[in-house]
Amino acid sequence: MLNEQFVRNRITELRLKKNISEYQMSLDLGKNKSYIQGISSGRSMPSMKQFFEICDYLELTPIEFFNTEKKEQTLYREAAAILNELSLEDLEAVFPILLRLRAKTDIKKQAEP
């Protein structure tokens, strides 16, 4: 199945970016030494619980796992965390700025050929 292939490939891609072996990642997750190799080869797929554990291990949210765009995901995550910590009053103050910035982005997109 295409979605399973995506998950296998994405885990491999993200693991390699962190320079972690299949063996080490398996052990770090508390699994047997061939756990990640089994996923990568297509012999098995992680359960939802295991998928969330893999995301945590790779320091990604599930949304970031499936978002393959080349945007700076860490910056987005940090910005979202800051917004979550704001009081309602401060969030209401920041919101118009976000709307203005989005409007500028929308205008730029419309101007592109």
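Listed by chain and residue number, nothing satisfies the side-chain hydrogen bond (donor to acceptor under 3.5 Å, both in side chains) test with S26 (two or more places apart in sequence, or in another chain). Every residue meeting the ring pair (Phe, Tyr, Trp, His ring centres under 6.0 Å) condition with F51, not counting sequence neighbours, appears here in chain and number order: F65, F66.
Taken from CG in N32 to CD in Q37, the straight-line distance is 10.0 Å, to the nearest 0.5 Å. We find the CG-CG distance between L86 and L83 to be 5.5 Å, quoted to the nearest 0.5 Å. Atoms CZ and CD1, from R15 and I39 in turn, are 10.5 Å apart once rounded to the nearest 0.5 Å. The CD atom of Q50 sits 7.0 Å away from the CD1 atom of I54 when rounded to the nearest 0.5 Å. The distance from atom CG of L27 to atom CD1 of I36, rounded to the nearest 0.5 Å, is 10.0 Å. The structure places CG of N9 at 10.5 Å from CG of L14, a figure rounded to the nearest 0.5 Å.
Identified under the salt bridge (charged side-chain N to carboxylate O under 4.0 Å, His left out) test for residues 25-35, with sequence neighbours left out: K31-E53.
In this structure the side chain of P46 reaches within 4.5 angstrom of the side chain of Y35, judged on heavy atoms. Between T12 and R8 the shortest side-chain heavy-atom distance does not fall below 4.5 Å. Counting only heavy atoms from C-beta outward, the side chains of M25 and L58 approach each other to under 4.5 Å.
Put simply, the side chain of Q24 never gets that close to the backbone of S21: no donor and acceptor are under 3.5 Å apart.
Tracing side-chain contacts under 4.5 Å through hydrophobic residues (I, L, V, M, F, W, Y), one reaches M48 starting from Y57; they form part of the same cluster. Both L29 and F52 are part of a single hydrophobic cluster, where members link through side-chain heavy atoms under 4.5 Å apart.
The shortest non-hydrogen separation linking P62 to C55 is CA-SG, 4.0 Å. Scanning both residues, T61 and E64, for their nearest heavy atoms gives N-OE1, 2.8 Å.
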From CA spacing to verdict: side chain to side chain contact (heavy atoms under 4.5 Å, CB included), L88, E92: CA-CA 6 Å; L88 181 57; E92 288 172 343; 3.8 Å; yes
